[in-house]
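What follows is a set of notes on a single structure, which appears directly below.
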Amino acid sequence: MSENSEAPGTTPAVPSGATTPGPQPEPLRLFGTTWVDHDGGYGLRRVAATVGSLVAAVAACFVLRFAYQGLEIAEVGSFVGMLVVLMFAVCSAIAFRKTWEGFTRRPADPSQEDRLRGLKSIGFIGSLLAYFIRSLTEAPGEKLRRTEYETALSQYEKRRSSRTGNPAARRSRKGKRPERR
């Protein structure tokens with residue numbers, strides 16, 4: 001909700017600078033919390049993320065091509081050149097898969113993800129391509145965060161609604177007789 005949505009002359013329900021009660025949405029890289037209501041330049045950010053990740057992937061391919069040409073100039077042999085191409089292809093495929101999985105579910109073992117960080121940085125083209133493809137339909141990671149946020153909101157509302165009223169008035173009368181006057 002925007003700050004200017006209140007009627008002029010009324011005081012907001014939550015003071016400025018304070019957060020609303022309940023769960024808060026988790027910000028996404030490059031998008032912040034604009035993914036919640038698709039406001040604040042969300043569409044423009046998605047276009048920028050899509051184009052930026054594609055441009056970065058193409059630039060990375062050119063850099064790898066120059067590196068391969070450097071190997072050819074050094075005359076290291078076709079076997080080494082083939083190993084380098086194979087290494088980048090395999091690492092890119094693994095990085096694509098792990099990045100794509102990161103958009104749909106949280107990692108089961110964060111330490112395993114830390115161990116794969118080096119492999120994912122070698123296969124950075126795969127990560128960029130996963131980011132590009134995902135940003136065609138949504139902000140990368142938006143579906144996961146939205147599901148978690150909506151679940152947290154519903155649990156919060158459920159807990160909050162079960163606590164209405166005076167808790168002292170809900171004493172158990174089981175086994176007690178009403179008082180006679």
Side-chain angles (χ1 to χ4, degrees), residues 1-4 19-20 22-155:
M1 181 158 34
S2 121
E3 296 173 5
N4 299 327
T19 60
T20 58
Q24 299 299 313
E26 184 178 344
L28 289 173
R29 183 180 301 148
L30 302 177
F31 294 92
T33 57
T34 61
W35 60 267
V36 176
D37 296 322
H38 292 184
D39 61 353
Y42 171 81
L44 197 60
R45 290 175 190 217
R46 253 197 49 215
V47 168
T50 303
V51 171
S53 59
L54 183 61
V55 167
V58 169
C61 288
F62 277 117
V63 168
L64 289 179
R65 180 174 181 245
F66 294 140
Y68 183 76
Q69 285 177 343
L71 290 174
E72 285 181 346
I73 292 170
E75 298 178 2
V76 294
S78 62
F79 180 71
V80 173
M82 187 174 58
L83 283 177
V84 168
V85 169
L86 185 66
M87 176 198 61
F88 274 105
V90 169
C91 289
S92 290
I94 292 171
F96 180 91
R97 185 173 143 253
K98 289 297 184 181
T99 303
W100 193 264
E101 286 175 357
F103 296 146
T104 56
R105 63 181 172 85
R106 298 277 182 179
D109 185 13
S111 64
Q112 178 71 16
E113 290 295 316
D114 288 341
R115 284 183 252 149
L116 289 175
R117 186 175 298 155
L119 188 128
K120 286 171 73 173
S121 59
I122 292 171
F124 61 99
I125 294 175
S127 292
L128 289 170
L129 290 176
Y131 207 83
F132 166 72
I133 292 170
R134 187 54 134 197
S135 63
L136 289 173
T137 58
E138 68 177 7
E142 177 181 347
K143 184 177 181 181
L144 172 68
R145 300 302 196 294
R146 186 171 302 282
T147 304
E148 291 174 348
Y149 179 60
E150 288 173 354
T151 303
L153 277 176
S154 66
Q155 289 174 349

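Computation of the quantities below employed the complete heavy-atom set of this structure, encompassing side-chain atoms and omitting hydrogens, waters and symmetry-equivalent molecules. In this chain, residues are counted from 1 in sequence order.
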Ignoring hydrogens and geometry beyond distance, is a side-chain donor-acceptor pair present between Ser111 and Arg115 at under 3.5 Å? yes
Do Glu142 and His38 have side-chain atoms, one donor and one acceptor, less than 3.5 Å apart? yes
Once rounded to the nearest 0.5 Å, what's the spacing between atom CD of Gln24 and atom CG of Leu153? 9.0 Å
Check whether any side-chain heavy atom of [X] sits under 4.5 Å from a side-chain heavy atom of [Y], and report yes or no.
| X | Y | answer |
| --- | --- | --- |
| Leu144 | Phe103 | no |
| Lys120 | Thr99 | yes |
| Pro140 | Leu28 | no |
| Thr50 | Leu54 | no |
| Glu150 | Ser154 | no |
| Val85 | Tyr68 | yes |

Stacked cation flag Arg145 on Trp35, 6.0 angstrom / 45 deg: no
Are Glu101 and Arg97 ion-paired here, with the side-chain N under 4.0 Å from a carboxylate O? yes
Can you tell whether the side chains of Arg45 and Glu138 come within less than 4.0 Å, N to carboxylate O? no
Taking Gly141's backbone N and O only, do any of them form a donor-acceptor pair with Arg134's side chain (distance below 3.5 Å, no angle check)? no
Run the side chain to side chain contact (heavy atoms under 4.5 Å, CB included) test on Ile133 and Trp100 for me, step by step, so that the C-alpha distance in whole Å, both residues' side-chain angles and the decisive distance to 0.1 Å come before the verdict. CA-CA 9 Å; Ile133 292 170; Trp100 193 264; 3.8 Å; yes
Counting heavy atoms not belonging to Glu75, are there more than 12 under 6.0 Å from its CD? no
Counting neighbours of CZ on Arg29 that are heavy atoms of other residues, nucleotides or ligands and sit closer than 6.0 Å, is the number greater than 12? no
